[in-house]
Amino acid sequence: MTDTRIWLSPPDVSDLERKLLLKAFDSNWVAPVGPDLDAFESQVAELVGVRHAVALSSGTAALHLALIAAGVRRGDTVLVPSFTFAATANAVVYLGARPVFVDSAPESWNIDPELVAEELRLRAEQGRLPRAVIAVDMYGQCADYDRLLDACDRYGVPLIEDAAEALGATYRDRPAGSFGLAGVLSFNGNKIITTGGGGMLVTDDSRVAKHARHLATQAREPVPHYEHRMVGYNYRLSNLLAAVGRGQVQRLPQMIEARTATFEYYRAALAGMEFMPVAGYGTPNHWLTCVLATDERQRDRILGVLNGRDIEARPAWKPMHLQPVFQDCVMRGGPVAADIFRRGVCLPSGSALSAHDRSRVVAAVRAALEA
Ligand SMILES: *Cc1c(COP(=O)(O)O)cnc(C)c1O
């Protein structure tokens with residue numbers, strides 16, 4: 001058997017998804033809406049434990065609509081973790097608002113609730129509260145929602161949960177995506193489940209869901225002659241892709257199990273290394289397993305050896321406050337996120353990763369540590 005390239009987090013699709021996709025195709029429910037879209041939304045709403053789900057073309061679209069629901073407008077500020085994927089901050093800028101970046105808490109790598117509380121207190125005193133706070137459930141582990149919601153509720157600032165990476169994770173036995181005004185999910189190709197590309201806005205608030213659905217379908221009024229009272233977007237997910245999603249959701253428990261087994265395997269086999277901490281308050285879905293090298297040089301050595309053996313690994317997210325595009329934005333704290341970036345390596349974590357390939361990854365990391 002010759003070794004093939006190991007990807008970081010490739011799609012894991014089966015015969016079930018194929019059958020559902022072809023069934024949708026053959027029934028001519030190709031676009032735009034259809035029974036698979038409705039069924040996919042109900043499945044995910046039930047899984048997340050919320051009343052409403054709106055399937056969209058991407059997680060970024062869901063973020064955009066969630067921020068509109070929170071009332072974000074031109075000139076506003078929004079607190080955003082610096083340690084995230086750019087999409088989180090980009091959606092703020094789409095609305096003409098400015099992100100204010102906040103450092104991570106070392107115990108979870110998620111937005112630091114202490115810094116959020118402090119920033120809200122300072123801004124309340126100055127009469128310039130942010131319009132919203134976004135928390136991200138990084139690499140499939142929830143942020144600390146008791147403390148975040150406590151701070152947000154005190155000042156009446158809505159919280160949005162970017163759970164793009166965290167479907168199936170929990171915080172104090174409550175599912176990721178169910179916190180705050182609205183939750184955001186992604187079904188991009190590298191996420192825990194995929195529709196090839198897609199996302200969802202999940203919420204308990206029927207007005208938020210209704211408005212998101214309206215804006216996502218070009219804000220067409222329900223009359224035959226194309227009446228529009230506001231500017232909308234073309235953000236709905238296609239029924240064909242929702243059919244793929246229906247199969248993926250059914251397989252989510254096994255996929256989380258597989259990723260968790262990979263995490264446990266790496267942790268045992270690389271026992272000398274520091275791993276992303278698991279906070280005591282919940283159960284991550286272990287979307288990506290991330291380790292910390294001792295320094296930047298060792299990180300680059302690990303990445304180099306893995307790449308040389310045809311294994312895809314990546315540095316941890318480069319923090320937003322260090323990105324050229326956001327260099328003029330305010331940053332609160334910063335050393336935690338910057339250190340994770342300098343030393344962090346995300347290891348292949350796909351749910352279809354074989355035992356053989358897992359051991360190839362470990363052998364490569366060990367070789368790099370001994371070099
Ligand atoms: C993937 C991701 C998004 C964006 O989702 P898309 O479906 O790719 O638009 C947003 N936030 C985070 C944290 C992500 O990882």
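Atoms within each ligand, like the ligands themselves, are counted from 1 in listed order.
Atom 13 (C) of ligand 1 has E165 OE2, 3.3 Å as its closest protein atom, hydrogens excluded (heavy atom only). Counting protein heavy atoms only, atom 5 (O) of ligand 1 is closest to S186 OG, 3.3 Å.
Using a 4.0 angstrom heavy-atom cutoff, A61 does not count as in contact with ligand 1.
Contacts between S58 and ligand 1, counted as non-hydrogen atom pairs separated by less than 4.0 Å, involve both the backbone and the side chain. Only the side chain of T84 comes within contact range of ligand 1, with a heavy atom under 4.0 Å; no backbone atom does.
Against a heavy-atom cut-off of under 4.0 Å, F85 is close to the following atoms of ligand 1: 2 (C), 3 (C), 14 (C). Proximity to A164 (heavy-atom distance under 4.0 Å) selects the following atoms of ligand 1: 2 (C), 3 (C), 10 (C), 11 (N), 12 (C), 14 (C).
Between R360 and D357 a salt bridge is recorded (basic side-chain N to carboxylate O distance below 4.0 Å). Remark: K191 does not engage E165 in a salt bridge, criterion side-chain N to carboxylate O under 4.0 Å. Between E17 and R246 no salt bridge is recorded (no basic side-chain N to carboxylate O distance below 4.0 Å).
Summarising the contacts of atom 1 (C) of ligand 1 with K191, M200, M138, the nearest heavy atom is found in K191. Between N188, D162, T60, it is D162 that holds the heavy atom closest to atom 10 (C) of ligand 1.
Annotation: salt bridge (Lys or Arg N to Asp or Glu O under 4.0 Å) contacts involving residues 192-210, sequence neighbours excluded, are absent.
Residues passing the ring pair (Phe, Tyr, Trp, His ring centres under 6.0 Å) test with F263, sequence neighbours excluded: H286.
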